[in-house]
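For reference, the structure is listed below as structure tokens.
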Amino acid sequence: MNVIKNIPGPLLIFMGALSLSFGGLIVKSFDGSTVWQILFWRSVFFSLTILTFLIITYKKKFLNSFYDSGLPGFFGGVILSLGFCGYVFAMEHTKVANTNFIISLQVLFLAIFGYFFLKEK
């Protein structure tokens, strides 16, 4: 995990926003595909990316990283997969601008909840 700790926070935010901004373009460009086909291929490449990251980060202990994440890791994965599916369905049934606007509000709510629940300034 030392790889992520060495990257400055604003750069991580920029990289996340940059990668998210292309999501609508990519999802909307698959005119002949169904939502389930898009979800399948996104899941395949997302899984390969995560496995590559875990192998690079944990090397020989990467299988233990699944066990070490425990129940919080499992529930985090379930919530991530629901958000992953919800994003594609939202892109399919609404406009890209509406979906990305609502997603961008999560930063505001994260700051508000962090202030009240985690007592962060």
Side-chain angles (χ1 to χ4, degrees):
M1 247 353 174
N2 293 334
V3 176
I4 295 292
K5 290 180 182 177
N6 294 334
I7 299 174
L11 181 61
L12 286 172
I13 292 170
F14 174 75
M15 289 169 31
L18 184 67
S19 63
L20 184 64
S21 65
F22 288 106
L25 177 67
I26 292 170
V27 170
K28 291 288 189 174
S29 68
F30 297 121
D31 286 335
S33 301
T34 66
V35 174
W36 294 107
Q37 289 171 331
I38 295 170
L39 280 172
F40 173 78
W41 288 110
R42 277 189 62 158
S43 299
V44 167
F45 288 111
F46 182 74
S47 299
L48 291 175
T49 303
I50 294 297
L51 281 175
T52 303
F53 175 76
L54 289 175
I55 289 170
I56 290 171
T57 305
Y58 292 104
K59 296 180 180 38
K60 293 181 181 178
K61 298 179 185 177
F62 92 97
L63 287 176
N64 289 338
S65 67
F66 292 104
Y67 180 74
D68 292 342
S69 67
L71 206 54
F74 174 75
F75 285 124
V78 169
I79 291 171
L80 181 66
S81 66
L82 290 174
F84 195 78
C85 294
Y87 178 75
V88 175
F89 276 101
M91 286 292 180
E92 187 69 25
H93 297 294
T94 64
K95 296 184 189 269
V96 173
N98 292 341
T99 303
N100 283 340
F101 175 74
I102 292 172
I103 288 174
S104 67
L105 286 178
Q106 73 184 353
V107 178
L108 177 66
F109 286 111
L110 180 64
I112 292 170
F113 292 152
Y115 179 78
F116 287 115
F117 296 113
L118 301 176
K119 307 292 188 245
E120 293 183 348
K121 300 271 180 199

- Note on the structure: Distance col, row L105:CG vs L110:CG, nearest 0.5 angstrom, shows 12.0 Å
- When rounded to the nearest 0.5 angstrom, what is the spacing between CG in L51 and CZ in F62? 6.5 Å
- Message: If we ignore hydrogens and angles and just use 3.5 Å, is the side chain of T57 paired with the main-chain N or O of L54 as donor and acceptor?
- Response: no
- Task: List, by chain and then residue number, the residues other than W41 in its hydrophobic cluster (Ile/Leu/Val/Met/Phe/Trp/Tyr, side-chain heavy atoms under 4.5 Å); write none if there are no others.
- Result: F40, V44, F45, L48
- Begin from the C-alpha positions of K59 and I55 and carry the test side chain to side chain contact (heavy atoms under 4.5 Å, CB included) through to its verdict. CA-CA 5 Å; K59 296 180 180 38; I55 289 170; over 6 Å; no
- Message: Looking at every heavy atom in both I38 and V88, which two are closest together, and how far apart are they?
- Response: CG2-CG1, 4.0 Å
- Determine, using the 4.5 Å side-chain heavy-atom cutoff (strictly less than), whether F22 and F14 are members of one ILVMFWY cluster. yes
- Query: Looking only at atom types and distance, does a side-chain atom of S81 sit under 3.5 Å from a main-chain N or O of V78, one as donor and one as acceptor?
  - Reply: yes
- Item | Joint cluster assignment, L108 & F116, ILVMFWY side-chain distance < 4.5 Å | yes
- Give a yes or no on whether L25 and L39 share a hydrophobic cluster (residues Ile, Leu, Val, Met, Phe, Trp, Tyr; joining criterion: side-chain heavy atoms under 4.5 Å apart). yes
- Task: Please examine the side chains of L118 and F113, heavy atoms only from C-beta on, and report whether any two atoms are closer than 4.5 Å.
- Result: no
- Under the side chain to side chain contact (heavy atoms under 4.5 Å, CB included) criterion, do T34 and F30 qualify, and how do the steps go? CA-CA 8 Å; T34 66; F30 297 121; over 6 Å; no
- Message: With heavy-atom distances below 4.5 Å as the criterion, would you say the side chains of N98 and H93 are in contact?
- Response: no
- Message: Any heavy-atom pair between the side chains of L63 and Y67 that's under 4.5 Å?
- Response: no
- Query: Is it true that a side-chain atom of K28 and a backbone atom of V96 form a donor plus acceptor pair closer than 3.5 Å?
  - Reply: no
- Would Y115 and I112 show up in the same hydrophobic cluster when neighbours are defined by side-chain heavy atoms closer than 4.5 Å? yes
- Query: Under the ring-ring contact (aromatic ring centres under 6.0 Å, His included) rule, what pairs show up with a residue in residues 70-90, not counting sequence neighbours?
  - Reply: W36-F89, F46-F84
- Query: Are Y58 and I50 co-members of a hydrophobic cluster defined by side-chain heavy atoms under 4.5 Å apart?
  - Reply: yes
